[in-house]
Amino acid sequence: MSFRRNNIKQQPCEVIVGAQCGNAVLRGAHVYVPGIVSASKFMKGGDVVSVYSDIKGKCKKGAKEFDGTKIFLGNGISELSRKEIFSRFPELKGIGVRMTDPVYLSPSFDNVLPSYLFLQNLPSAVVSHVLDPQPGEKILDLCAAPGGKTTHIAALMRDQGEVIALDKISNKVEKIKQNALLLGLNSIRAFCFDGTKALKLDMVKDTDGEPPFLPESFDRILLDAPCSGLGQRPNMACTWTLKEVTSYQPLQRKLFTVAVELLKPGGVLVYSTCTVTLAENEEQVAWALKTFPHLQLQRQDPQIGGEGMLGAGLSSEQLKRLQRFDPCVVPSQDSDTGSLRDARIEDTSWLANKDCIGFFIAKFVKCRST
């Protein structure tokens with residue numbers, strides 16, 4: 001858990017970065033050249049600089065100063081001069097500022113045991129355990145990029161069976177393949193394919209294991225659905241419109257319908273999002289149970305997050321079967337959590353919600369054929 005440090009002296013030499021780069025710095029990253037928007041006029045390599053995030057996106061590329069809204073991220077050492085950064089942009093891709101005194105002391109895990117580790121947020125790791133894949137099964141990760149959950153599923157299966165990963169953006173699919181290769185996982189097959197079209201509607205021609213797939217082809221399916229992403233943190237800039245936030249529910253339902261058709265009777269479907277809205281989470285569960293009466297909501301293991309939110313018409317028992325990580329609703333509490341081994345379930349749940357992203361998980365089992 002990181003805490004803000006307020007005693008860092010701000011330097012006259014400034015570097016302005018974009019909001020996404022700023023979020024990465026808060027997570028422990030250094031500043032890479034593509035994220036740099038502006039730098040002071042006389043900045044040289046080796047200078048101590050103060051790094052700020054342009055949270056409103058108002059700074060012009062290559063500006064020599066910026067007086068708009070900016071958030072201080074900490075100090076670092078410039079690896080390059082201003083001239084080197086902007087005269088050779090966009091060819092440069094390495095570190096532009098090496099953070100030495102960040103506002104939040106979040107450790108950087110860049111290139112730490114890359115062949116052995118894939119970093120994930122806590123709820124993202126919990127999802128794969130909730131899915132509970134078994135060796136020899138055929139698993140579908142319907143919206144798989146960047147592949148953290150895909151590789152985790154394969155690892156939990158001891159790389160025995162088949163994990164199909166779909167994403168409709170080709171460079172993201174290549175990233176999944178690279179991660180599988182890096183981690184030495186051979187059970188993963190990744191395809192560039194639109195998940196809403198993954199159901200094969202005619203039985204005439206076999207696609208030889210490639211999408212689209214015949215109905216009832218998979219033992220377990222993970223639908224980590226596209227969503228508004230309002231649970232992602234740190235996030236210093238909210239650029240979503242109401243129209244954008246409400247646009248995801250229909251797409252999620254299309255994907256869910258395909259997933260139900262592709263799931264074998266007795267199979268498990270896990271639905272997850274990295275957002276906190278009722279419409280994309282509990283309302284989707286209520287819709288699914290009404291639309292597909294052969295689906296049953298299941299208890300989850302492990303159960304680390306809190307229960308579901310009221311407002312979608314779900315019963316108290318149904319809400320307890322959901323898992324919601326939501327740091328914005330965690331009250332302050334005086335609990336002795338120094339020893340997790342002796343901590344109560346309520347304390348570990350409180351800790352998990354206090355220091356992670358917003359996330360939602362629901363687990364279903366398909367009782368019979370559609």
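Along the sequence shown, residues are numbered consecutively beginning with 1.
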Is a side-chain donor or acceptor of [X] paired with a backbone partner of [Y] at a separation under 3.5 angstrom?
X    : Y    : result
N281 : T273 : no
K366 : L263 : yes
Q323 : I304 : yes
D194 : K168 : no
S40  : M43  : no

I need the [X] [atom1] to [Y] [atom2] distance, nearest 0.5 Å.
X    : Y    : atom1 : atom2 : result
L92  : Y32  : CG    : OH    : 13.5 Å
I85  : E79  : CD1   : CD    : 10.0 Å
I169 : C192 : CD1   : SG    : 8.5 Å
D132 : M157 : CG    : CE    : 11.0 Å
F359 : N121 : CZ    : CG    : 8.5 Å
H152 : Q120 : NE2   : CD    : 6.5 Å

Side chains of [X] and [Y], heavy atoms from C-beta outward: is any pair under 4.5 Å?
X    : Y    : answer
L314 : L322 : yes
Q284 : R253 : yes
E210 : R189 : yes
Q298 : V268 : no
R5   : P102 : yes
E14  : Y52  : yes
F256 : L269 : yes
D47  : Q11  : no

Quick check: closest heavy atoms across [X] and [Y], and the distance to 0.1 Å?
X    : Y    : value
C59  : S38  : SG-CB, 3.5 Å
P133 : L156 : CG-CB, 3.9 Å
Q300 : I361 : NE2-O, 2.9 Å
V97  : V51  : CG1-CG2, 3.9 Å
T151 : L185 : O-CD1, 3.5 Å
Q303 : G306 : NE2-O, 4.1 Å

Counting heavy atoms not belonging to [X], are there more than 12 under 6.0 Å from its [atom1]?
X    : atom1 : answer
F72  : CZ    : yes
K172 : NZ    : no
Q134 : CD    : yes
K175 : NZ    : no
E65  : CD    : no

Should K138 and D219 count as an ion pair when the cut-off is N to O under 4.0 Å?
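Salt bridge between K138 and D219, a charged N being under 4.0 Å from a carboxylate O: no.
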L199 pairs by side chain to side chain contact (heavy atoms under 4.5 Å, CB included) with which of P212, P211, P215?
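Answer after filtering P212, P211, P215: P215.
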Sole candidate of D167, D141, D224 that passes salt bridge (charged side-chain N to carboxylate O under 4.0 Å, His left out) when paired with K149:
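Only one of D167, D141, D224 forms a salt bridge (charged side-chain N to carboxylate O under 4.0 Å, His left out) with K149, namely D224.
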Cluster link I16 to V48, ILVMFWY, side chain under 4.5 Å:
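Looking at the clustering, V48 is in a separate group from I16.
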Same apolar cluster (I L V M F W Y, side chains within < 4.5 Å links), L242/L251
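No.
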W240: hydrophobic cluster co-members (side-chain, 4.5 Å)
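Via sub-4.5 Å side-chain contacts, W240 links to L230, V245, V276.
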Can you tell me which residue pairs pass the ring-ring contact (aromatic ring centres under 6.0 Å, His included) test with a partner in residues 156-175, sequence neighbours excluded?
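Counting only pairs at least two positions apart or across chains, no ring-ring contact (aromatic ring centres under 6.0 Å, His included) contact touches residues 156-175.
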Can you check side chain to side chain contact (heavy atoms under 4.5 Å, CB included) on R82 and K64, steps first, answer last?
CA-CA 9 Å; R82 171 192 162 80; K64 297 177 182 177; 3.4 Å; yes
Working note: F193 + I164, criterion side chain to side chain contact (heavy atoms under 4.5 Å, CB included); need CA distance, chi angles, decisive distance, verdict.
CA-CA 11 Å; F193 201 83; I164 302 294; over 6 Å; no
